[in-house]
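The residues of the chain are indexed from 1 along the displayed sequence.
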Amino acid sequence: MTTVPLPSAAAKGTRRFPKGFLWGASTSAYQIEGATEEDGRGPDIWDTFTKAGKIQDGTNARVACDHYHRYKEDVAIMKAAGFNAYRFSIAWPRIIPAGTGAVNSKGLDFYDRLVDEILKAGIRPMGCLYHWDLPQPLEDKGGWQGREIVGPFADYARVVTKRLGDRVKDWMMLNEPNVVAIFGYGVGEHAPGLHLGEQGILRALHHQNLAQGSALRAIAAEHKGMTLGTVTNIQPSRPDSDSEKDRAAAIRWDAVWNRVTVDGLLRGAVPDVLAEKMAGMVKPGDMELAKYPIDLLGINYYSRCTMKHEEGHPFDAWWGDPKVDRYTFMGWPVQPDGLYDLLMEFKHLYGNPAVYIAENGAAYEDTVAPDGSVHDVERTRFIREHIEQVHRALTDGANIKGYLAWSLLDNFEWAFGLAKRFGIVRVDYETQKRTPKDSYKMLAEVIRNNAV
Ligand code: FCB
């Protein structure tokens, strides 16, 4: 058991957060919007992946939470919980359906309406430009494997912020470039489903770093007073055993999972252990482009990586046994203190940049009580314990600006489909009825007290 002892019940509600701390939840376009063939949206890589039968439970995202039509109700649910922030993503294939060229004004109109609704509710909209829904025509030209994608991404960033930048001041470039690279291009579990191994992973990471640097500059050149940043998934990497081989595997995995992205952005550097493998793809000037003095870094945290040496996998590293006594329905270990570790690491390694938790949450097998309510005891505990760790890191001087839960709604959990529920609000996919779960009520109470 690696989790820290639970605080006593008497301490509940006594840990206060700074004034103005951001509270809310995150979603992504593909996972909630539905309407994949409406108003001129083009096909993306997840549509293709789904049609190829790659989703474990056979579901798809054509309707999902029907948020495209029900966004007003969803914003009202956020308002009722007292959210002061909300991170959502813009669907690139709605805005520029072919990935480059013609802009689809109906796509922009949707986000216009959504943003106005969010602002009317007194919530700070935090827009994320890329949460995995790459227009298929761009993938057909090589997707994140080639540097040809850099220009189109910056153009797309320009188009979106030109339309929404008068009202949305927080812009996150990418969501989890490491997951895109490893699962999409390395081991084929996510769209576009390629098995390109180490070089494919590193190329996808590097080109996302470049696209991000270009988009940040494109936005900064045209707008003043924006809060610019990106969102990374950080999982502290620890060895499965004390053996030298496992320790080396954990260091390699840390470089791939955590450092290529963060060191590229914050330091303009390639991690030493990967320098040789990346030498062929890093051209002069690349790391200067990747580096950018962002205002705010979003961190998604779910668990640690416990890594062991195992040949046959990229970087000869694979997941070992985290030796914990609690797992979520995803099979992910519950390790709240890993969040504390990484927040302190940011303080010490990167000069204490402003960060916020952009995602944190858990899938569990919810049951609906006879009266229709959902008592999601495990998720409630999970979220509370992680908020407590955020508070602990704040107390120890980490520069944390907010906590957004993943996710507002049950939604389309990528390759797992609709079966894995992460919402603090239940979605009945037959009726589209929304039911706030106990975790939602707990979060609302934390927000009300600005304390846990
Ligand atoms: C993250 C993704 C998010 C969701 C959660 C569970 O990796 O950013 O879309 O799938 O995991």
Side-chain angles (χ1 to χ4, degrees), residues 3-4 15-18 20-28 78 81-89 123-128 131 170 172-179 227 229-236 257-258 261-262 265-266 294-304 328 332 334-347 349-350 352-363 379-408 422-424 439-440 442-444 446-447 450-452:
T3 49
V4 291
R15 298 168 182 78
R16 299 199 62 78
F17 285 81
F21 197 75
L22 300 174
W23 291 110
S26 286
T27 61
S28 87
M78 299 184 227
F83 284 16
N84 58 13
Y86 170 53
R87 179 178 72 116
F88 61 103
S89 80
I123 297 170
R124 173 167 159 182
M126 305 180 84
C128 179
H131 201 128
D170 295 79
M172 302 291 126
M173 302 301 107
L174 305 174
N175 178 74
E176 302 189 347
N178 56 348
V179 173
T227 299
T230 200
V231 177
T232 64
N233 176 306
I234 305 289
Q235 305 208 161
W257 188 279
N258 299 313
T261 304
V262 178
L265 177 64
L266 301 182
I294 53 163
D295 305 296
L296 186 60
L297 179 69
I299 292 176
N300 297 351
Y301 175 75
Y302 290 92
S303 62
R304 292 195 183 92
T328 71
W332 297 347
V334 179
Q335 298 170 308
D337 55 337
L339 179 54
Y340 173 82
D341 290 354
L342 82 84
L343 289 167
M344 296 314 288
E345 205 174 82
F346 264 87
K347 178 179 171 204
L349 292 182
Y350 298 100
N352 212 10
V355 303
Y356 71 110
I357 308 307
E359 287 184 23
N360 173 244
R379 182 179 299 101
T380 304
R381 179 177 174 199
F382 183 102
I383 292 178
R384 181 187 286 283
E385 286 175 358
H386 285 79
I387 294 176
E388 285 165 358
Q389 295 294 328
V390 171
H391 189 273
R392 189 177 153 218
L394 265 171
T395 307
D396 289 344
N399 189 7
I400 313 161
K401 303 297 184 192
Y403 175 94
L404 308 186
W406 182 269
S407 182
L408 177 69
F422 274 89
I424 56 173
S439 52
Y440 167 98
M442 181 273 295
L443 184 61
V446 168
I447 297 173
N450 200 32
V452 68

query: Looking at Arg304 and Asp341, does any basic side-chain N land under 4.0 Å from a carboxylate oxygen?
result: yes

- request: Answer whether the closest heavy-atom distance between the side chains of Leu443 and Phe83 falls below 4.5 Å.
  value: yes

Non-hydrogen side-chain atoms of Ile400 and Phe346 separated by less than 4.5 Å: no

field: Side chain Arg379, main chain Ala362, donor-acceptor under 3.5 Å
entry: yes

message: I want to check something: taking the side chain as every heavy atom from C-beta on, are Pro18 and Leu394 in contact at a cut-off of under 4.5 Å?
response: yes

Sidechain-backbone polar pair: Ser439 side chain, Thr380 backbone, donor-acceptor under 3.5 Å: no

query: Phe88 vs Tyr86 aromatic rings, parallel, tilted or perpendicular, using cut-offs 30° and 60°?
result: parallel

- prompt: Counting distance only, does the side-chain N/O of Asn300 pair as donor-acceptor with the main-chain N or O of Asn233 below 3.5 Å?
  reply: no

- request: Using side chain to side chain contact (heavy atoms under 4.5 Å, CB included) as the criterion, point out the one residue from Ile383, Leu22, Ile447 that pairs with Tyr403.
  value: Ile383

query: Going by heavy atoms in the side chains, are Tyr350 and Val355 under 4.5 Å from each other?
result: no

query: Do the side chains of Pro236 and Tyr340 get nearer than 4.5 Å, heavy atoms only?
result: no

- request: Compare every heavy atom of Glu385 with every heavy atom of Pro336, then report the nearest pair and how far apart it is.
  value: CG-OE1, 3.4 Å

message: Determine whether a donor-acceptor pair (N or O, by modelled atom type, separation under 3.5 Å) exists between the side chain of Asn178 and the backbone of Thr261.
response: no

message: Are the side chains of Asn360 and Ile387 in contact, using a 4.5 Å heavy-atom criterion?
response: no

message: With a 3.5 Å distance limit and no angle check, can you tell me whether Thr230 reaches the backbone of Leu174 through a side-chain donor-acceptor pair?
response: yes

query: Can you say whether the rings of Phe17 and Trp23 are parallel (under 30°), tilted (30 to 60°) or perpendicular (over 60°)?
result: perpendicular

- request: Could you check if a side-chain atom of Asp396 sits within less than 4.5 angstrom of a side-chain atom of Lys347, using non-hydrogen atoms only?
  value: no

field: Plane angle bin for Trp332 and Phe422 - parallel if under 30°, tilted between 30 and 60°, otherwise perpendicular
entry: tilted

- request: Can you see which heavy atom on Arg87 is nearest to which on Asn175, and at what distance?
  value: NH1-OD1, 3.2 Å

message: I'd like to know if the side chain of Ser407 and the backbone of Ser26 have a donor-acceptor N/O pair within less than 3.5 Å.
response: yes

task: Check whether any side-chain heavy atom of Asp337 lies under 4.5 Å from a side-chain heavy atom of Arg392, and answer yes or no.
output: yes

